[in-house]
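What you are looking at is a predicted structure, and each value in this text was computed from that prediction instead of being measured. The basis for the numbers below is simple: all heavy atoms, side chains too, and nothing from hydrogens, waters or symmetry mates.
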Amino acid sequence: MTDDTTLRAAELLKGHRESIDRLDAILVYTLGERFKHTQAVGVLKAEHDLPPSDPAREAVQIARLEDLAKRADLDPEFAKKFLNFIIQEVIHHHEAHQS
């Protein structure tokens, strides 16, 4: 590679990394906002003696996320694993509210 192509590659890499950093921030803030709502749901469930998990809703959400992933050109299995991880964390929080 010549110095010009190496410099150009470095500039492209920097641009991609800046975009990744912005997207990471969006993901973190979005997850934070999502968990604020799921915490409120957990409190509501505890106040009304509702179960911490809702398997029917979880199944619908997983199917919806798989569809969104396909449309976004994201591996649906990865999206499913990611949502399952989030769901388990939410259930853990809901259980804590019921203690």
K.L.:
Rounded at 0.5 Å granularity, tell me how far NE2 in His93 sits from OG1 in Thr38.
P.N.:
7.0 Å
K.L.:
Please report the closest heavy-atom contact between Arg71 and Asp67, naming both atoms and the distance.
P.N.:
NH2-OD2, 2.9 Å
K.L.:
Check Glu11 with Lys14, please: is the shortest side-chain N to carboxylate O separation under 4.0 Å?
P.N.:
no
K.L.:
Same cluster or not: are Ile91 and Val43 linked, directly or through other Ile, Leu, Val, Met, Phe, Trp or Tyr residues, by side-chain heavy atoms under 4.5 angstrom apart?
P.N.:
no
K.L.:
Nearest 0.5 Å please: distance from the NZ atom of Lys81 over to the CD1 atom of Ile86.
P.N.:
14.5 Å
K.L.:
With no hydrogens and no angle check, just 3.5 Å: does a side-chain donor-acceptor pair link Ser19 and Arg22?
P.N.:
yes
K.L.:
Less than 4.5 Å apart, side chain to side chain, heavy atoms only: is that true for Glu66 and Leu83?
P.N.:
no
K.L.:
Distance check, rounded to the nearest 0.5 Å: Ile87 atom CD1 versus Arg57 atom CZ?
P.N.:
8.5 Å
K.L.:
Where do Asn84 and Ile62 come nearest, in terms of heavy atoms and distance?
P.N.:
OD1-CD1, 3.1 Å
K.L.:
From Gln61 CD over to Leu68 CG, what is the distance, rounded to the nearest 0.5 angstrom?
P.N.:
9.5 Å
K.L.:
Does atom NZ of Lys45 have more than 12 heavy-atom neighbours, drawn from other residues, nucleotides or ligands, at distances under 6.0 Å?
P.N.:
yes
K.L.:
Distance check, rounded to the nearest 0.5 Å: Ser53 atom OG versus Gln88 atom CD?
P.N.:
8.5 Å
K.L.:
Can you find a side-chain donor-acceptor pair between His94 and Gln39 that sits under 3.5 Å?
P.N.:
no
K.L.:
Nearest 0.5 angstrom please: Ile26 CD1 to Leu31 CG, how far?
P.N.:
12.0 Å
K.L.:
Is Asp4 salt-bridged to Arg8, going by a charged N under 4.0 Å from an acidic O?
P.N.:
no
K.L.:
Test your reading of the model: is there a side-chain donor-acceptor pair from Gln98 to the backbone of Leu50, 3.5 Å cut-off?
P.N.:
yes
K.L.:
Can you give me the closest heavy-atom contact between Ala79 and Leu74, atom names plus distance?
P.N.:
CB-CD2, 4.2 Å
K.L.:
If two hydrophobic side chains count as joined below 4.5 Å and joins carry through other members, does Leu44 share a cluster with Phe35?
P.N.:
no
